[in-house]
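Worksheet for the structure shown next.
For the numbers below, each heavy atom of this structure counts, side chains included, while hydrogens, waters and symmetry mates do not. Please read all numbers here as calculations on a predicted model, not as lab measurements.
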Amino acid sequence: MFARIIPSSSISTIRRSSNFVRIFEVGPRDGLQNEKVQVPTPIKVEFINRLSRTGLKLIEVTSFVSPKWVPQMGDHVEVLAAIDRIPGIRYSALTPNVQGINKVLSLGNKGADEIAIFSAASESFSKKNINCSIETSLQRFNEVTRIAREKNLPVRGSISCTVGCPYEGNIKPSQVVPLVEKLFDMGCYEVALADTIGVGTPKSIKELLQAIQSSGISASKLAIHCHDTYGQAIANIAQALDMGIRCVDSSVAGLGGCPYAKGASGNVATEDVLYLLEGLGYETGVDLNRLIDAGQFIMNILKRENMSKVARAILSKRQN
Ligand SMILES: CC(C)(COP(=O)([O-])OP(=O)([O-])OC[C@H]1O[C@@H](n2cnc3c(N)ncnc32)[C@H](O)[C@@H]1OP(=O)([O-])[O-])[C@@H](O)C(=O)NCCC(=O)NCCSC(=O)C[C@@](C)(O)CC(=O)[O-]
C-alpha cells in the first residue's frame, strides 16, 4: 500500500475556510463529451475562456481517452494548447491509462495542471466505460498515479455509479468504500463520488457518506458529482454539504451525460449549485451572472435550451 500522499502543489491555495465550497466545473468535458455533433475546437476554447472569467478555480477541460470511444474529446491537445491560462485556475483532464498521462506530460506547460483517474463501483459499468474490470482498472491507475507522483502532478479520483448503475441497479456503500480507500492509497488528493445516473436520494447519499466516514476518511477529502436525472441533485448536494463535503462537481447550463449511461440526463447545473450555495451562506468566489453568460454562450451554439432553472429564471428577468 502507498502512503496517503497529497501532492506538493496542494489544494490548500484553493481551499479556504470551512465556509468555502470549491466548484469543480466539468462542463467542457462531461458536458460536451456526449454531444453527437462535433463542437469545433475554437468554440470549446472560447467556452473555457469564458468559464475562466467567472471566478471558477477548477475546470475539467477535456479527456485523454480513445478518440474512437469518445470522438468529441479527440481534440484534447488542441484545446489545452489554445486556452488562455488564468493564474490560479487549475485546468484538468481525464486520463484512464498510461497512454493518457504520458500524452499529458509530453505537452509540458501546454498539458493539464492535474489529471483524473476514473473508476466505477459496478463491474458492468467499468467494462462498458473503460473496457476492463475494476481490478484491471486499479492496476492501470496504480501505474498512472506512480508516474504522476514522480512528476508532482496532482491526481483526482472519481468513482462512477456510487449509488446506482444502469446495468446492475442499486449499488451498496460496501461496494464503494474499498474503492475510495484504494484511490486515496494511490495518492489521489480527493475522490469524487458520482451518482452517474442520478438515482440517489438524500437518504442513499447519507448512507454512502456515513459508510465512507466510518472507514476513517474525512468528508473534506471527498467531492460530490451529481447528475439530475430524477431531479434529486440539489437535495443530494445539500445533504453532502451537511455532512462536510466542500467540493461540488457541476456542469454549466446542466450540460452533459455519460456515453455509457443511457438515459442519464445532464450533470447538475453549476448555476443551480451556486444559487444553493449562496442561499446557504457558503462562499465560492464565482460570479453567477458571468456563469450564466458562459452557459448561454454554449447553449446558443448547441441550439439547446438552458437546463439550469436558475439561469432560465435570471435570463427571463433580464429581458423584462
Ligand atoms: C480506456 C480506453 C482507452 C480503453 O480502450 P481499449 O480499446 O481497451 O484500449 P487499448 O489499450 O486496447 O487501445 C485501443 C485503441 O485506443 C487507443 N488509446 C488507448 N488509450 C488511449 C488514450 N489514453 N488516449 C488516446 N488513445 C488511446 C490506442 O492507441 C488504440 O488505438 P488504435 O491502435 O486502435 O488506433 C477506452 O475504453 C476509452 O477511451 N473509453 C472512454 C472512457 C470515457 O471517456 N468515458 C466517459 C468519461 S467517464 C464519465 O463520464 C464518468 C464521470 C467521470 O463523469 C463520473 C460519472 O458521472 O460517473
Considering non-hydrogen atoms only, spot the tightest contact between Tyr91 and Ile86 and give its length. OH-N, 3.2 Å
Atom CG of residue position Asn102 - does it have more than 12 heavy atoms of other residues, nucleotides or ligands inside 6.0 Å? yes
Here the gap from Ile43 atom CD1 to Gln38 atom CD, rounded to the nearest 0.5 Å, amounts to 12.0 Å
Give me each pair satisfying salt bridge (charged side-chain N to carboxylate O under 4.0 Å, His left out) with a member in residues 205-218, each pair once, sequence neighbours excluded. Lys203-Glu207
Going from CG on Asn131 to OG on Ser137, what distance comes out if it is rounded to the nearest 0.5 angstrom? 11.5 Å
Nearest-0.5 Å distance that lies between atom CG in Leu277 and atom CD1 in Ile237: 8.0 Å
Is Arg22 close enough and on-axis enough to Tyr189, meaning under 6.0 Å and within 45°, for cation-pi? no
Short side-chain to backbone donor-acceptor contact, Arg85 and Leu80, under 3.5 Å: yes
Donor-acceptor contact below 3.5 Å, side chain Thr270 vs main chain Ser251: yes
Cut-off 3.5 Å, side chains only: do Tyr230 and Thr201 have a donor facing an acceptor? no
Within the distance-only criterion (no hydrogens, no angle test), does the side chain of Gln232 pair as donor or acceptor with the backbone N or O of Pro202 below 3.5 angstrom? no
Going by heavy atoms in the side chains, are Ile101 and Leu153 under 4.5 Å from each other? yes
Just distance, no hydrogens or angles: give the donor-acceptor pairs under 3.5 Å from side chains in residues 290-297, sequence neighbours left out.
| unit_1 | atom_1 | unit_2 | atom_2 | d |
| --- | --- | --- | --- | --- |
| Arg290 | NH1 | Arg53 | O | 2.9 |
| Asp293 | OD1 | Arg318 | NH1 | 2.7 |
| Asp293 | OD1 | Arg318 | NH2 | 3.2 |
| Gln296 | OE1 | Asn306 | ND2 | 2.9 |
| Gln296 | NE2 | Asn300 | OD1 | 3.4 |

Determine whether Val79 and Thr41 make a side-chain contact, defined as any pair of heavy atoms from C-beta on separated by less than 4.5 Å. yes
Donor-acceptor under 3.5 Å (Thr229 side chain, Ile197 main chain): yes
Which residues share a side chain to side chain donor-acceptor pair (under 3.5 Å) with Thr284, sequence neighbours left out: none
Looking at Thr95 and Gly100, would you say the former's side chain and the latter's main chain have a donor-acceptor pair under 3.5 Å? no
Closest approach of Cys161 to Phe125 (non-hydrogen atoms, all atoms of both residues): SG-CG, 3.5 Å
Pairwise side-chain contact, Lys182 with Phe141, heavy-atom cut-off 4.5 Å (strictly under): no
Under 3.5 Å, is there a donor-acceptor pair between the side chain of Glu143 and the main chain of Val98? no
Are any non-hydrogen side-chain atoms of Ile245 and Val21 less than 4.5 angstrom apart? no
Tell me if a side-chain donor or acceptor on Arg156 pairs with a main-chain N or O of Ile115 at a distance below 3.5 Å. no
Residue pairs involving residues 294-313 (criterion salt bridge (charged side-chain N to carboxylate O under 4.0 Å, His left out); sequence neighbours excluded): Glu35-Arg304, Glu305-Arg312
The side chain to side chain donor-acceptor pair (under 3.5 Å) partners of Gln213 (sequence neighbours excluded) come to none
Determine whether Leu302 and Leu255 make a side-chain contact, defined as any pair of heavy atoms from C-beta on separated by less than 4.5 Å. yes
Considering only heavy atoms from C-beta outward, does the side chain of Val180 approach that of Leu222 to under 4.5 Å? yes
d(Ser52 OG, Lys57 NZ) to nearest 0.5 Å is 9.5 Å
Between Phe47 and Val39, is a side chain to side chain contact (heavy atoms under 4.5 Å, CB included) present by the stated rule, with each step listed? CA-CA 11 Å; Phe47 177 39; Val39 180; over 6 Å; no
Pairs in or reaching into residues 64-81: which pass salt bridge (charged side-chain N to carboxylate O under 4.0 Å, His left out), with residues at least two apart or in two chains? Lys44-Asp75
By side chain to side chain donor-acceptor pair (under 3.5 Å) - contacts of Ser308 (at least two apart): Asp272
Hits for side chain to side chain donor-acceptor pair (under 3.5 Å) against Glu271, two or more places apart or cross-chain, chain-then-number order -> none
Applying ring-ring contact (aromatic ring centres under 6.0 Å, His included), name anything that partners Phe64, two or more places apart in sequence or on another chain. His76
ring-ring contact (aromatic ring centres under 6.0 Å, His included): pairs with one or both residues in residues 267-292, sequence neighbours excluded: none
Could you measure the distance from the CD1 atom of Ile212 to the NZ atom of Lys221? Nearest 0.5 Å is fine. 12.5 Å
Side chain of Asn34, backbone of Gly256: donor and acceptor closer than 3.5 Å? no
With side chains defined as the heavy atoms from C-beta onward, is the minimum distance between Ile234 and Val268 less than 4.5 Å? yes
The criterion is salt bridge (charged side-chain N to carboxylate O under 4.0 Å, His left out); which residues satisfy it with Arg29, sequence neighbours excluded? Glu60
When His225 is tested against each of Asp249, Thr196, Thr162 for side chain to side chain donor-acceptor pair (under 3.5 Å), which residue passes? Asp249
Can you tell me which residue pairs pass the salt bridge (charged side-chain N to carboxylate O under 4.0 Å, His left out) test with a partner in residues 121-140, sequence neighbours excluded? Glu123-Lys127
Quick one, Glu114 and Ser92 - any side-chain contact, counting heavy atoms below 4.5 Å? yes
Tell me, with the steps shown, if Leu208 and Gln239 meet side chain to side chain contact (heavy atoms under 4.5 Å, CB included). CA-CA 11 Å; Leu208 173 64; Gln239 176 67 55; over 6 Å; no
So does Asn49 get a backbone contact from the side chain of Asp84, meaning a donor-acceptor N/O pair under 3.5 Å? no
Between the main-chain N or O of Asp287 and the side-chain N or O of Thr54, is there a donor-acceptor pair closer than 3.5 Å? no
If you measure from CD1 on Ile130 to CD1 on Ile117, what distance do you get to the nearest 0.5 Å? 9.5 Å
